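None of these values were measured; they are calculated from a predicted model. Atom set for the values below is all heavy atoms of this structure, side chains included, hydrogens, waters and symmetry mates excluded.
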Amino acid sequence: MISRFSLRLMFVCCACCLLHTALRASASAQEVEWRSDYAKARQEATEKKRPLVIDVGTENCHYCKQLDLRTFRDPTLVAMLNQRCIPLKIDADQHARLAEALRVTNYPTLVFASAEGRILGYQEGFIEAAPLHERLNKLLFSSAAPDSGNRDLQEAVQAVATGDYARAIALLKPVAENGKDATLQDKAKKMLQDLEQQAAGRCSEARQLVESGKMPQAVETVTELVRVYPGTKAAREGSQLLVTLASRVVQHETPRGNLAREQLDKAREDYRRKQYLACLDRCEALIANYADSPEGTEARKLADEIKANPEWTKQACDQMGDRLSSLYLTLAETWLKKGQPQQAVFYLERVVQTFPNTRNADIAQVRLAQIQGPSKMPDANK
């Protein structure tokens with residue numbers, strides 16, 4: 001039997017890790033798909049009629065690494081680069097002549113070029129995700145075909161119809177902010193307002209759950225809000241709410257100083273055992289609630305060391321997926337015991353869709369077949 005303390009701590013860790021994912025997008029699924037061959041990238045840009053974004057840097061450049069660790073982890077920016085541009089990374093030490101031909105002398109430098117290879121501008125030095133996102137918006141609309149706004153709007157409508165609100169938001173924002181056609185711009189703004197209202201409804205629902213003392217349900221609702229409606233005002237509020245939820249649970253467990261030291265000791269042990277997700281969970285809780293304490297400072301250093309290692313970060317992300325999918329399976333079984341199979345089916349299908357090709361997805365498919373019958377099983381040949 002899981003103790004009340006263990007259950008609370010599990011939701012603290014889950015909330016903090018999910019908040020970190022939402023705010024910093026460290027998950028491997030949200031990485032820029034950098035090309036490394038200049039000639040092939042040029043050809044791809046021409047064929048797909050997409051602008052080139054060239055990141056020119058060196059191996060030992062501090063701010064080049066900061067671009068990778070901070071700017072290029074923003075999920076909205078990553079989606080824009082992968083779906084609407086051809087991102088190319090060049091090491092100037094290995095390709096000195098190419099860097100010279102591009103007229104790059106300082107690092108890092110971002111070079112913006114049209115699909116035809118015409119240089120449209122430069123960005124020297126480090127830049128945060130938000131201003132770079134705005135600049136790319138302008139680049140896309142200045143180099144796009146006249147009907148691109150309409151095409152993006154149509155794709156956004158299809159994304160909304162299939163429930164892919166994150167993609168719809170990414171497509172609609174450039175049209176609403178920089179569209180040249182006033183009619184299309186108004187339509188995009190209206191669709192964004194509708195999505196904002198939906199997200200606000202989810203956020204209100206989460207706050208009501210908090211007021212009712214239903215903390216696990218509130219964490220689940222807010223996590224879903226941040227994932228489904230990224231970039232909305234409600235999603236930003238939801239991210240802050242996750243911090244509050246984690247703080248409330250932690251503050252009621254043990255005296256403040258004792259808990260900080262206890263969590264740091266456990267984080268160190270997790271690090272020694274290479275349990276990086278558990279270590280990050282504890283470190284993020286310490287950073288959020290004891291930022292000015294020695295424990296918070298050491299936790300930040302420990303977390304930064306893990307995040308700087310892509311293999312360790314990938315292990316943490318895989319473990320997070322296993323944990324969340326296991327929670328969904330438990331939730332489905334709970335609904336079945338309460339005599340509500342439709343709710344159970346909802347969470348089982350979520351496991352299958354969100355965590356494909358995993359052991360928990362296989363378990364979920366078996367349970368779905370038992371509930372719905374063999375005709376509902378997915379066709380493996382499709």
Side-chain angles (χ1 to χ4, degrees), residues 2 7 10-11 13-22 25-30 75 79 158-170 195 198-199 201-206 208-209 214-232 234-235 238-239 241-242 245 277 281 316-380 382:
I2 299 176
L7 183 60
M10 178 175 64
F11 280 105
C13 296
C14 191
C16 291
C17 190
L18 287 168
L19 172 62
H20 165 70
T21 302
S26 63
S28 59
Q30 295 174 326
Q158 294 176 356
V160 169
T162 59
D164 190 355
Y165 301 133
R167 174 167 170 75
I169 292 169
L195 292 171
Q198 292 181 33
R202 294 282 186 91
C203 192
S204 177
E205 179 185 348
Q208 291 175 3
L209 289 169
K214 300 177 180 178
M215 306 297 280
Q217 295 92 327
V219 169
E220 181 185 345
T221 302
V222 176
T223 301
E224 187 74 1
L225 163 66
V226 173
R227 183 184 69 82
V228 176
Y229 300 95
T232 62
S239 296
L241 182 58
L242 277 177
L245 292 174
L277 175 60
D281 285 344
C317 292
D318 292 342
Q319 293 165 6
M320 186 63 231
D322 290 340
R323 177 187 295 176
L324 188 56
S325 60
S326 294
L327 281 173
Y328 282 144
L329 288 176
T330 301
L331 187 58
E333 294 300 325
T334 301
W335 282 118
L336 280 174
K337 291 177 181 178
K338 290 183 175 291
Q340 298 190 39
Q342 291 182 342
Q343 291 288 345
V345 168
F346 174 82
Y347 288 104
L348 290 171
E349 289 179 342
R350 178 175 293 180
V351 173
V352 174
Q353 295 169 3
T354 309
F355 307 98
N357 302 319
T358 64
R359 178 176 176 274
N360 285 336
D362 293 338
I363 294 173
Q365 286 182 327
V366 172
R367 294 297 286 137
L368 281 170
Q370 293 171 346
I371 297 170
Q372 299 176 323
S375 61
K376 297 295 184 179
M377 289 289 286
D379 187 354
K382 289 186 177 180

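- One finds a salt bridge joining Arg227 and Glu224 here, because a Lys/Arg side-chain nitrogen approaches an Asp/Glu carboxylate oxygen to under 4.0 Å.
- Note that CG of Leu324 is 10.0 Å distant from CG of Asn360, once rounded to the nearest 0.5 Å.
- At least one side-chain heavy atom of Leu348 sits under 4.5 Å from a side-chain heavy atom of Ile371.
- Expressed to the nearest 0.5 Å, how far CD of Glu205 lies from CD of Gln217 amounts to 10.5 Å.
- Residue Ala332 comes nearest to Tyr347 through the heavy atom pair CB-CB, 4.3 Å, listed as atom of the first residue, atom of the second, then distance.
- Ring orientation note: the planes of Tyr229 and Tyr165 are close to parallel, at an angle under 30° on the 30°/60° scale.
- Checked against Tyr328 for a side-chain contact (heavy atoms from CB on, under 4.5 Å), the options Glu333, Arg323, Arg350, Glu349 give a single hit: Arg350.
- For the pair Arg367/Leu329, no side-chain contact is recorded, criterion being any heavy-atom separation below 4.5 Å from C-beta on.
- Ser325 places a side-chain N or O within donor-acceptor distance of the main-chain N or O of Asp322, the cut-off being under 3.5 Å.
- Closest heavy-atom contact between Val222 and Ala206: CG2-CB, 3.4 Å.
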Before you tell me yes or no, could you show the steps for Leu225 and Leu241 under side-chain contact (heavy atoms from CB on, under 4.5 Å), namely the whole-Å CA-CA distance, both residues' side-chain angles and the distance that decides it to 0.1 Å? CA-CA 11 Å; Leu225 163 66; Leu241 182 58; over 6 Å; no

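- Scanning all heavy atoms of the two residues, the minimum distance from Leu277 to Gln319 falls at CB-OE1, 3.0 Å.
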Please evaluate residues Glu220 and Leu209 with respect to the criterion side-chain contact (heavy atoms from CB on, under 4.5 Å), reporting the C-alpha separation (whole Å), side-chain torsions for both, the decisive distance (0.1 Å), and the verdict. CA-CA 10 Å; Glu220 181 185 345; Leu209 289 169; over 6 Å; no

